Amino acid sequence: TEWVSDTSGVSPLYWGNIYNWTFTDVGPGPHLFTVTVRVNSSVSDGALLNNTVSASYRQSNGMIYLSNSDYATTLIRRANFTFNLTESPSPLYPGDSGRYTLTFNSTASSYSDVTLTLVMPDGLTYVSDSSGRHPLRDGNNLTWTFYDVSPYSSTSFNLDFVLQTGIGDNVLLTATGYLDYTGTNGYQYPQLSRSADLLVIRPIMDVSIIADRTEARPGDNIVYTIYYNNTGHGDASTAVIALNISGPYTYLSDTSPVSYSRVSGEYIFTLSNVGPGPHSFTVTVNANSTRARNGDSISAASLLNYEISNGLSFNPSSDSVVTDIVSPVMRLDKSVSPGTGSPGGIVVFTITYSNVGSANATDVWINDTLPNGLTFITSSDEANRTAMSWHFTDVAPGTYSFTITVRIDGDVPDAAHLVNTATLEYIGSNETLSQSATVVSFRPMIQVVKIADLYNLTAGSYVNYTIYYNNTG
């Protein structure tokens with residue numbers, strides 16, 4: 001106890017918890033005064049407080065009498081509470097519903113009034129509670145008042161809330177509850193407080209796609225790797241990847257854990273329960289050799305949409321990649337100089353071949369067929385010649401040429417058109433290119449004709465002969 005006051009009219013002397021009053025000239029008859037003390041809050045419920053008083057006295061002549069004493073016993077009845085605050089379940093996802101449970105127990109024999117305040121963290125929306133009371137609300141603070149709470153009673157109720165959808169990943173939200181209680185005498189006991197932590201997690205996903213080559217030839221395979229990594233701490237209940245491939249391609253295979261479906265030309269991969277961590281699969285296509293041409297491209301675009309188990313979806317992610325089709329495109333030309341000649345004369349054919357594509361031609365064959373009347377002498381590229389065929393390898397884009405020198409045979413008739421044809425074939429094309437050049441052979445053709453001006457004549461007459469030597473060549 002703690003001394004407060006008394007009505008003795010005398011200031012006491014005190015040592016610790018012992019108080020001493022001195023009265024003089026105490027005459028016959030009853031006398032009294034009151035002492036008021038405050039019981040400390042630490043005193044246990046049911047404690048017995050024994051307060052002892054003793055008196056000693058003497059007469060004016062100094063005669064001292066024996067002291068006597070008495071005591072008064074007080075039974076302490078007080079309020080006392082325990083308080084608890086829990087959250088269930090944890091962790092939660094944005095948009096999920098959660099619940100706080102608030103419990104307070106009276107562990108003493110006194111009635112009391114209880115005020116309970118819950119400070120909810122930002123990001124939670126109050127839905128309802130089972131207290132049977134209407135809480136006072138001030139922002140995220142909710143207050144309930146319970147009057148005359150019975151001794152040794154237990155009170156528990158739930159508060160339901162919804163997590164707002166904009167909460168990030170791996171966020172710890174702390175709610176704090178405060179319990180204030182007052183005894184029947186108006187005494188305010190020390191405040192109790194408890195906290196409950198709620199962990200909020202969510203998936204964070206993005207998609208990216210890479211191709212194993214930026215350029216491909218017709219007939220090449222292209223392998224796409226599609227990454228759908230989850231860098232968050234929560235599962236995506238559903239992740240849908242839509243793959244759109246355009247260009248001259250043929251779909252070959254994939255390593256996805258699920259089979260795709262085709263919707264409006266797209267390849268749809270629907271994946272379930274995508275947990276945190278890296279994830280990927282590959283898709284292999286072929287640059288269709290019958291349709292892919294130099295300058296074409298094959299593009300692949302991926303779009304990721306994902307959601308969590310409560311149906312909340314997040315911002316989609318997309319990525320794309322382009323592979324250019326490169327191939328050799330060969331051109332062939334042929335010319336002759338001079339364009340005319342005579343038997344025994346020399347003629348030079350020039351064969352010009354060009355790669356106007358974007359890739360080297362691995363193998364090119366040029367075949368030249370000489371007509372009758374022309375005899376091969378030499379070429380300017382003997383290193384690549386076999387008979388009348390020239391084989392070139394790794395022909396880069398550009399223009400190249402070589403010459404073929406021939407002789408016009410002696411028996412070639414006049415005005416003969418000698419057509420020399422060259423053909424070109426190369427890997428990467430089923431087409432055979434052909435070009436021709438013509439040399440015209442001219443030669444003299446002398447015809448002799450003799451005519452006499454007289455057929456019948458006599459001796460001594462003159463006859464005139466006309467001799468014609470015409471060149472009809």
Side-chain angles (χ1 to χ4, degrees), residues 1-85 102-119 131 133 136 143-156 176-195:
T1 59
E2 177 184 348
W3 183 85
V4 176
S5 64
D6 66 75
T7 62
S8 67
V10 177
S11 296
L13 298 176
Y14 61 91
W15 301 269
N17 284 344
I18 300 174
Y19 289 80
N20 186 287
W21 291 265
T22 300
F23 302 94
T24 59
D25 298 327
V26 180
H31 304 273
L32 64 88
F33 66 95
T34 62
V35 176
T36 302
V37 299
R38 177 180 292 114
V39 179
N40 292 336
S41 61
S42 61
V43 177
S44 302
D45 183 54
L48 293 175
L49 300 183
N50 294 315
N51 181 238
T52 302
V53 62
S54 62
S56 61
Y57 56 97
R58 65 185 177 182
Q59 296 181 131
S60 58
N61 61 8
M63 177 69 178
I64 299 176
Y65 294 90
L66 294 176
S67 64
N68 61 82
S69 63
D70 196 9
Y71 67 91
T73 300
T74 303
L75 175 64
I76 300 300
R77 295 196 179 276
R78 59 158 296 163
N80 196 59
F81 283 88
T82 60
F83 173 49
N84 197 26
L85 171 64
L102 299 93
T103 303
F104 59 93
N105 299 308
S106 171
T107 61
S109 60
S110 177
Y111 286 84
S112 58
D113 297 336
V114 172
T115 299
L116 188 59
T117 300
L118 178 65
V119 180
S131 68
R133 289 164 170 77
L136 296 178
T143 302
W144 298 262
T145 301
F146 300 83
Y147 295 102
D148 294 329
V149 177
S150 300
Y152 305 110
S153 62
S154 178
T155 302
S156 181
T176 303
Y178 300 93
L179 185 140
D180 296 282
Y181 58 104
T182 305
T184 55
N185 60 358
Y187 176 73
Q188 181 72 47
Y189 289 88
Q191 185 181 67
L192 303 178
S193 65
R194 293 290 184 272
S195 296

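Keep in mind that this is a model prediction, so the values were computed, not measured.
- A search for side-chain hydrogen bond (donor to acceptor under 3.5 Å, both in side chains) contacts involving Thr73 returns Asn50, not counting sequence neighbours.
- Among residues two or more places apart in sequence or in another chain, the ring-ring contact (aromatic ring centres under 6.0 Å, His included) test is passed with Tyr65 by Tyr57.
- Listed by chain and number, the residues in a side-chain hydrogen bond (donor to acceptor under 3.5 Å, both in side chains) with Thr74 amount to none (sequence neighbours excluded).
- Thr34 and Thr7 share a donor-acceptor pair across their side chains, judged by distance under 3.5 Å alone.
- Take Asn40 and apply the side chain to side chain contact (heavy atoms under 4.5 Å, CB included) test, not counting sequence neighbours, and it matches Glu2, Ser42, Val43.
- To the nearest 0.5 Å, atom CG of residue Asp148 and atom CG of residue Asp113 are 5.5 Å apart.
- Counting all heavy atoms, side chain and backbone alike, Ser106 lies closest to Pro151 at OG-CA, 3.5 Å.
- Rounding to the nearest 0.5 Å places OG1 of Thr115 at 9.5 Å from CZ of Phe146.
- One finds the OG1 atom of Thr155 at 7.5 Å from the CG atom of Asn105 (value rounded to the nearest 0.5 Å).
- Under the rule for a side chain to side chain contact (heavy atoms under 4.5 Å, CB included), the partners of Asn61 that lie at least two apart in sequence or sit in another chain are Gln59, Met63.
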Acceptor/donor pairs from residues 10-22 side chains to any protein atom, 3.5 angstrom cut, sequence neighbours excluded:
from, atom 1, to, atom 2, distance (Å)
Trp21, NE1, Asp6, OD2, 3.3
Trp21, NE1, Ser8, OG, 3.2

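- With values rounded to the nearest 0.5 angstrom, Leu179 atom CG is found 9.5 Å from Arg194 atom CZ.
- Contacts of Thr36 classified as side chain to side chain contact (heavy atoms under 4.5 Å, CB included), with partners at least two apart in sequence or in another chain: Val4, Ser5.
- The ring-ring contact (aromatic ring centres under 6.0 Å, His included) search around Phe83 returns none, not counting sequence neighbours.
- With sequence neighbours excluded, the residues that form a side-chain hydrogen bond (donor to acceptor under 3.5 Å, both in side chains) with Ser156 are Thr103.
- Rounding to the nearest 0.5 angstrom, the gap separating the OG1 atom in Thr1 from the CG atom in Asn51 is 7.0 Å.
- Residues Val114 and Trp144 form no side-chain contact, since every pair of their non-hydrogen atoms from C-beta on lies 4.5 Å or further apart.
- Closest approach of Ser153 and Ser150 over heavy atoms only: OG-O, 2.6 Å.
- The two residues Thr176 and Ser195 make their nearest non-hydrogen contact at OG1-OG, 3.3 Å.
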Using residues 186-193 as the side-chain source, report each donor-acceptor pair under 3.5 Å to any protein atom, sequence neighbours left out, with the distance given to one decimal.
from, atom 1, to, atom 2, distance (Å)
Gln188, OE1, Thr182, OG1, 3.1
Gln188, NE2, Tyr181, O, 3.3
Tyr189, OH, Ala79, N, 3.1
Gln191, NE2, Asp180, OD1, 3.1
Gln191, NE2, Asp180, OD2, 3.0

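- Ile64 places none of its side-chain heavy atoms less than 4.5 Å from the side chain of Ser56.
- Shown here are the side-chain hydrogen bond (donor to acceptor under 3.5 Å, both in side chains) partners of Ser109, two or more places apart in sequence or in another chain: Asp45, Arg77.
- Scored by the side chain to side chain contact (heavy atoms under 4.5 Å, CB included) test, Val53 finds Asp70 as partners (sequence neighbours excluded).
- Atom OH of Tyr178 sits about 11.0 Å away from atom CG of Leu85, to the nearest 0.5 Å.
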